[in-house]
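Below, read A as the first sequence line, B as the second, and so on, with proteins coming before strands; counting in each chain starts at 1.
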There are 2 protein chains.
Amino acid sequence: MDVRALETLRTVRSQGGVAAAAAVLHLTPSAVSQQLASLSREAGVALTERVGRGLRLTAAGDALADAAVDVAVAVERARAACSVFLDRPEGTVRVSAFQSGARLLLPPLLTRVATLGGITVECSDEDVALDDFPALTDRVDVVVAHRPDGAQWPASGLRVVLLLREPLDVAVPRDHPLAGRDRISAGDLDDEDWIAVREGFPVATVLGAVAAASGTAPRIVHRINDFSIAEALVAAGHGVSLLPRFTGGGHPGVRLVPLAGVRAGRTVDALMRPDTAERLVVRRVLDALVAVAAEASNAER
Amino acid sequence: MDVRALETLRTVRSQGGVAAAAAVLHLTPSAVSQQLASLSREAGVALTERVGRGLRLTAAGDALADAAVDVAVAVERARAACSVFLDRPEGTVRVSAFQSGARLLLPPLLTRVATLGGITVECSDEDVALDDFPALTDRVDVVVAHRPDGAQWPASGLRVVLLLREPLDVAVPRDHPLAGRDRISAGDLDDEDWIAVREGFPVATVLGAVAAASGTAPRIVHRINDFSIAEALVAAGHGVSLLPRFTGGGHPGVRLVPLAGVRAGRTVDALMRPDTAERLVVRRVLDALVAVAAEASNAER
DNA sequence: ATCGAGGATGTAGCGTTGCTTCATGGACGT
DNA sequence: ACGTCCATGAAGCAACGCTACATCCTCGAT
């Protein structure tokens with residue numbers, strides 16, 4: 001039972017195929033396939049089965065992949081047990097975040113981690129569909145992800161740490177009739193043009209929930225994922241939008257007005273594989289990230 | 001962090017040296033040494049330190065060895081997760097027992113396991129000093145061991161399953177003045193010659209506890225570890241002894257009389273490494289062993 | 001239907017890893 | 001002071017695992 005092969009099995013499951021797993025593991029598809037074959041030989045049962053031109057794990061493969069998570073966690077705990085005796089935790093941690101989260105959290109995270117010394121943080125911005133966030137944890141140590149109110153991450157083999165909850169406000173142009181209001185109710189927005197995010201992406205469902213409260217379907221004229229672009233469009237009078245309260249860059253031409261009646265918001269979490277979550281340096285960075293998120297949501301309201 | 005190397009580290013600790021560990025692992029001392037060196041390089045700290053002509057684990061090494069137990073357990077759990085999907089558990093399990101325990105438990109164990117089919121049990125008899133029982137678990141899957149009342153096995157990385165508790169009775173010759181009694185108190189035995197077990201071996205301390213109750217030091221004339229030999233000596237009138245109630249072969253020339261006042265007894269347990277305890281076949285054998293032990297202690301009183 | 005693309009899996013060859021053998025250097029007991 | 005025991009290095013060899021290449025299969029396109 002090679003630990004590397006178990007790792008590979010997990011990756012094949014999370015990435016959904018041999019080729020994708022091979023890319024993540026920096027291997028050729030052939031190597032991955034051979035590892036699976038060897039593992040299956042050792043286990044005495046088939047771990048994968050062909051489906052179409054891809055493959056999927058059998059029940060046995062799924063069970064073994066679950067067990068493989070515990071193996072990886074135990075190995076990382078062993079590593080951490082040694083790191084304790086090192087004078088100071090060293091290493092590099094890869095952190096990714098979606099755009100608005102990145103702008104809010106990454107700068108203060110980097111300065112805070114810098115004070116610890118010895119830990120290098122490599123950042124990247126990754127904006128993917130809601131369902132694709134978990135798979136990022138194979139490539140990146142800490143994934144800052146967001147989800148609309150009500151949605152939950154799949155529990156299987158994923159460590160989730162809540163960073164902050166952020167209300168979604170209605171963004172209207174500065175000169176809009178509603179701009180002076182303290183609160184806006186869903187019914188006030190029936191005649192507006194909407195700038196929404198792409199389908200399948202986080203908070204896409206929230207607009208639907210708001211519209212449901214007023215009973216009319218929203219008129220979506222643009223689909224923009226980057227909130228700062230959406231903000232610019234709103235300022236230019238091309239529609240209204242739902243934008244997160246803390247992240248809104250404070251564009252001078254835009255006013256954010258809270259929604260009345262509907263509870264609209266998103267949650268920002270840190271996602272990690274259970275084994276990477278055990279790494280000492282990762283835990284240090286995560287602690288810093290939690291602190292930074294707390295400051296951010298306190299400071300801005 | 002190679003799993004094999006972690007395994008090696010554990011063995012070096014439990015066996016107390018590179019050479020002994022190498023023997024258990026079927027390797028050369030050089031290979032063991034190289035694995036330790038590679039592990040230490042990877043961990044970044046020294047795991048062992050020379051002491052005299054041997055070596056001992058450092059604090060970091062000890063911590064890593066502890067973590068290695070969890071790794072081994074996780075790996076075996078993974079194996080077991082696959083075995084569940086196999087039609088029927090197969091494999092061989094090595095069981096060892098001290099003499100009297102072996103005679104009592106091994107025959108019914110073998111017949112019981114035979115009914116399961118597919119599992120081979122390899123038996124051996126190992127009589128060692130009390131402190132040496134745990135180290136046997138590196139060589140043998142299930143170690144049937146015994147300990148005097150009050151003694152405990154070291155908790156570190158050892159799974160203990162209680163099999164039975166057995167009172168120790170006073171064995172006297174058939175024609176001895178005390179042979180007719182229902183109970184014997186400690187004071188009645190002040191003038192007897194004793195046949196004890198070797199120092200450091202299980203139940204050696206019990207005789208001391210009995211003597212303490214009467215206030216006089218026991219006159220030990222022979223030290224015999226094998227209870228059936230001790231029994232023969234008692235029958236021939238060479239002294240009295242403390243013998244386990246269930247295991248006593250029922251030698252016609254010997255009477256076992258319970259002790260009054262003092263609680264004298266020994267406990268028989270199954271000892272396993274935590275990782276081997278996870279193996280499915282081992283668990284089957286262990287279940288059988290527990291059942292056999294229950295029958296034995298019920299049947300014989 | 002035919003063809004091409006994408007995906008998984010075998011085969012040959014090569015590099016790396018990890019073992020054994022042999023030799024060296026301390027530490028203890030006689 | 002010598003021999004023994006134990007751990008550790010260096011050299012050589014075998015085995016394992018990866019890459020590269022080829023094959024088979026499935027699906028979507030023309």
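Where Ser30(A) and Ser30(B) meet DNA chain D, the nucleotide closest to each residue was compared, and Ser30(B) sits on the side nearer the 5' end. A residue-by-residue look at Asp2(A) and Val51(A) shows that Asp2(A) has its nearest nucleotide of DNA chain D further toward the 5' end.
Here Gln35(B) lies in heavy-atom contact (under 4.0 Å) with sugar-phosphate atoms only. Using a 4.0 Å heavy-atom distance criterion, Ala31(B) is classed as a base contact.
Rounded to whole Å, the distance from CG on Leu55(B) to C1' on dC28(C) is 16 Å. The distance between atom CG of Leu25(B) and atom C1' of dG18(C), rounded to the nearest whole Å, is 14 Å. Here the P atom of nucleotide dG29(C) and the CZ atom of Arg53(B) are 7 Å apart, to the nearest Å. When the P atom of dT9(C) is taken as reference, atom CG of Leu27(A) falls 15 Å away, rounded to whole Å. The distance from atom CD of Gln15(A) to atom C1' of dG6(C) is 17 Å, rounded to the nearest whole Å. Whole-Å rounding puts the Leu9(B) CG to dA7(D) P distance at 14 Å. The CD atom of Gln34(B) sits 9 Å away from the P atom of dG9(D) (whole-angstrom rounding). Between the CZ atom of Arg41(B) and the P atom of dT8(D) there is a distance of 13 Å, given to the nearest Å.
Nearest approach of Gln15(A) to Ala135(A), heavy atoms of both residues: NE2-O, 3.1 Å. Of all non-hydrogen atoms in Glu126(A) and Phe133(A), the two that sit nearest each other are O-CE2, 4.1 Å. For Glu278(A) against Arg283(A), the heavy-atom pair with the smallest separation is O-CD, 3.8 Å.
Dashed line: the shortest gap from a side-chain N or O of Thr28(B) to OP1 or OP2 of dC19(C) is not under 4.0 Å.
Of the charged side-chain nitrogens involved, at least one lies within less than 4.0 Å of a carboxylate oxygen, so that Asp66(B) and Arg13(B) count as a salt-bridged pair. Using a 4.0 Å cut-off between charged nitrogen and carboxylate oxygen, Glu76(B) and Arg79(B) count as a salt-bridge pair.
Nearest to the side chain of Arg4(A), among dC18(D), dT8(D), dT9(C), sits dC18(D).
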